[in-house]
Amino acid sequence: MRENERVTSATRQPETPAADIPPRLIATDLDGTLLRDDKSVSPRTVAALAAAEKAGIEVFFVTGRPARWMDVVSDHVHGHGLAICGNGAAVVDLHGGPGAHRFVKVRELARENALDAVRLLREAAPGTVYAVEQTYGFYQEPDYPKLHMEIPDNLAPAEELLAEDGPGAAEPVLKILAYHPSIDPDAFLTLSRLAIGDRANVTRSSPSALLEISGPGVSKASTLALCCAERGISHEEVVAFGDMPNDVEMLTWAGQSYAMGNAHPDVIAAASGRTVANNDDGVAVVIERMLERR
């Protein structure tokens, strides 16, 4: 199912102290947050997630990763088994296992908007190169670096990849990736947001100057808000975890939120609390304390 509507409700105004409201859903980022630096899920974290589900608290993985990269947590899904991928561009059912994920909801980036973003960013930051992430395909420009440890389905300029009759034309575009070899990552993010404006949502989760560009209004927060609304869960009942700028909106929206000990300064400023680093099982530490209080 595709959903093209723009969601603007993922901005919260706290009405009740979050600590007084029992949590019903845990929303956690993966890389730099739930996963250790070696991309593993520690036994302690696996146990904490299982204990939360057993206590009746839903767990959502909310990540910038595409669905095909979700094998790192496919063995640890419980209950509904849903994940929000591509920074909110897709809701995916992980029960099928690697290679058999089912797209439950898709919030695509219109090709017209994607082409506008490419053009405007080329003008603002010469030397930018692109890749295109679709539901099942991955395409890139010839000069785009090997950042993702995978072979692209096609090599061509972004304008050809995003054409209505281009490769993968039958699939929706989830996001485009923009890489610059020399600009400071935070400066690149600021510049791109100014250049692209409201034609797309721009964020980043990589330590390099790699931007992730999604449809207008599409973010981890806005898609999480949709999923929670479908379940009758309010933002006050959500506990969120993250470490990078693509987590900021989600951490601001959730009733309780935790920046990891290794988090970007903007994430620390956005979160209502802080936990230890991902390599020290920071998510598990909070979940264990939360369950003890219950």
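Computed over heavy atoms, backbone and side chain alike; hydrogens, waters and symmetry mates excluded.
- The nearest pair of heavy atoms linking A27 to V62 is CB-CG2, 3.9 Å.
- Between the side chain of S257 and the backbone N or O of A254 there is no donor-acceptor pair closer than 3.5 Å.
- Counting all heavy atoms, side chain and backbone alike, A263 lies closest to G242 at CB-O, 4.3 Å.
- Without hydrogens or angle criteria, H180 side chain to P185 main chain gives no donor-acceptor distance under 3.5 Å.
- Not a single donor-acceptor pair under 3.5 Å links the side chain of K105 to the backbone N or O of T223.
- A single hydrophobic cluster is not seen to contain both Y179 and L121; linkage of ILVMFWY side chains at heavy-atom distances under 4.5 Å, directly or through other members, places them apart.
- Rounding to the nearest 0.5 Å places CZ of R289 at 6.5 Å from OG1 of T275.
- Within the 4.5 Å cutoff, no side-chain heavy atoms of N87 are placed close to those of N201.
- Below 30°, between 30° and 60°, or above 60°: for Y258 and F241 the angle between ring planes is below 30°, a parallel geometry.
- Rounding to the nearest 0.5 Å gives a distance of 5.5 Å between OG1 of T63 and CG of D31.
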- Task: Kindly indicate, with the supporting measurements, whether the criterion side chain to side chain contact (heavy atoms under 4.5 Å, CB included) is fulfilled by E112 and L115.
- Result: CA-CA 5 Å; E112 180 181 1; L115 286 166; 5.9 Å; no
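- In this structure, a donor-acceptor pair under 3.5 Å is present between the side chains of D243 and T33.
- Using a distance-only test at 3.5 Å, with no hydrogens or angles considered, no donor-acceptor pair links the side chain of E171 to the main chain of Q134.
- No hydrogens or angles considered: a donor-acceptor pair under 3.5 Å links the side chains of R107 and S222.
- Side-chain contact check for V238 versus W253: some heavy-atom pair is nearer than 4.5 Å.
- Nearest approach of L94 to M70, heavy atoms of both residues: CD2-CB, 3.8 Å.
- In this structure, the side chain of R193 engages the main chain of V202 through a donor-acceptor pair within 3.5 Å.
- With hydrophobic clusters built from ILVMFWY side chains whose heavy atoms lie under 4.5 angstrom apart, L211 shares a cluster with L191.
- F138 is listed as a side-chain neighbour of R68, based on a closest heavy-atom distance under 4.5 Å.
- In this structure, CG on L25 lies 13.5 Å from NE2 on H235, to the nearest 0.5 angstrom.
- When the shell of 6.0 Å around NZ of K54 is examined, it contains 12 or fewer heavy atoms from other residues, nucleotides or ligands.
- No side-chain heavy atom of S219 sits less than 4.5 Å from a side-chain heavy atom of T203.
- With respect to the salt-bridge test (charged N to carboxylate O, under 4.0 angstrom), the residues R231 and E237 do not qualify.
- Tracing side-chain contacts under 4.5 Å through hydrophobic residues (I, L, V, M, F, W, Y), one never reaches I268 starting from L251; they form parts of separate clusters.
- R24 contributes no side-chain N or O that, together with a main-chain N or O of C228, makes up a donor-acceptor pair within less than 3.5 Å.
- Nearest heavy-atom pair, R111 versus A169, reported as atom, atom and distance to 0.1 Å: NH2-CA, 3.4 Å.
- Remark: the backbone N or O of V104 is not paired with any side-chain donor or acceptor of D93 at under 3.5 angstrom.
- Side-chain atoms of D280 do not come within 3.5 Å of backbone N or O of G282 as any donor-acceptor pair.
- Under a hydrophobic-cluster definition in which Ile, Leu, Val, Met, Phe, Trp and Tyr are linked whenever side-chain heavy atoms come within less than 4.5 Å, directly or via other members, V92 and V106 are assigned to the same cluster.
- Closest of all the heavy-atom pairs between V267 and P245 is CG2-N, 3.9 Å.
- No side-chain heavy atom of E212 sits less than 4.5 Å from a side-chain heavy atom of E133.
- For the pair E141 (side chain) and A158 (backbone), a donor-acceptor distance under 3.5 Å is present.
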- Query: Can you check side chain to side chain contact (heavy atoms under 4.5 Å, CB included) on V218 and L109, steps first, answer last?
  - Reply: CA-CA 9 Å; V218 175; L109 170 62; over 6 Å; no
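- Judged purely by atom type and a 3.5 angstrom limit, N278 has no side-chain atom pairing as donor or acceptor with the backbone of N262.
- To the nearest 0.5 Å, the span separating CD1 on I213 from CG on L174 amounts to 14.0 Å.
- Considering only heavy atoms from C-beta on, T28 comes within 4.5 Å of F61 through its side chain.
- Of all non-hydrogen atoms in G32 and M260, the two that sit nearest each other are O-CG, 3.7 Å.
- Under the 4.5 Å side-chain heavy-atom criterion for ILVMFWY residues, no single connected hydrophobic cluster contains both Y144 and Y139.
- By the 4.5 Å heavy-atom criterion applied to side chains, L161 and P167 are counted as neighbours.
- Two residues are said to be in side-chain contact when any heavy atoms from C-beta on lie closer than 4.5 Å; R65 and L30 meet this criterion.
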- Given side chain to side chain contact (heavy atoms under 4.5 Å, CB included), test I176 with L162 step by step and report yes or no. CA-CA 10 Å; I176 54 176; L162 292 166; 4.2 Å; yes
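- One distance of note links CG of L35 with OG1 of T45; it measures 9.0 Å at 0.5 Å rounding.
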- Item | side chain to side chain contact (heavy atoms under 4.5 Å, CB included) evaluation trace for V248 with K220 | CA-CA 9 Å; V248 166; K220 290 185 175 186; over 6 Å; no
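- Judged purely by distance below 3.5 Å, without hydrogens or angles, the side chains of D281 and S42 pair a donor atom with an acceptor atom.
- Interatomic distance, S208 OG to I183 CD1, rounded to the nearest 0.5 Å: 12.5 Å.
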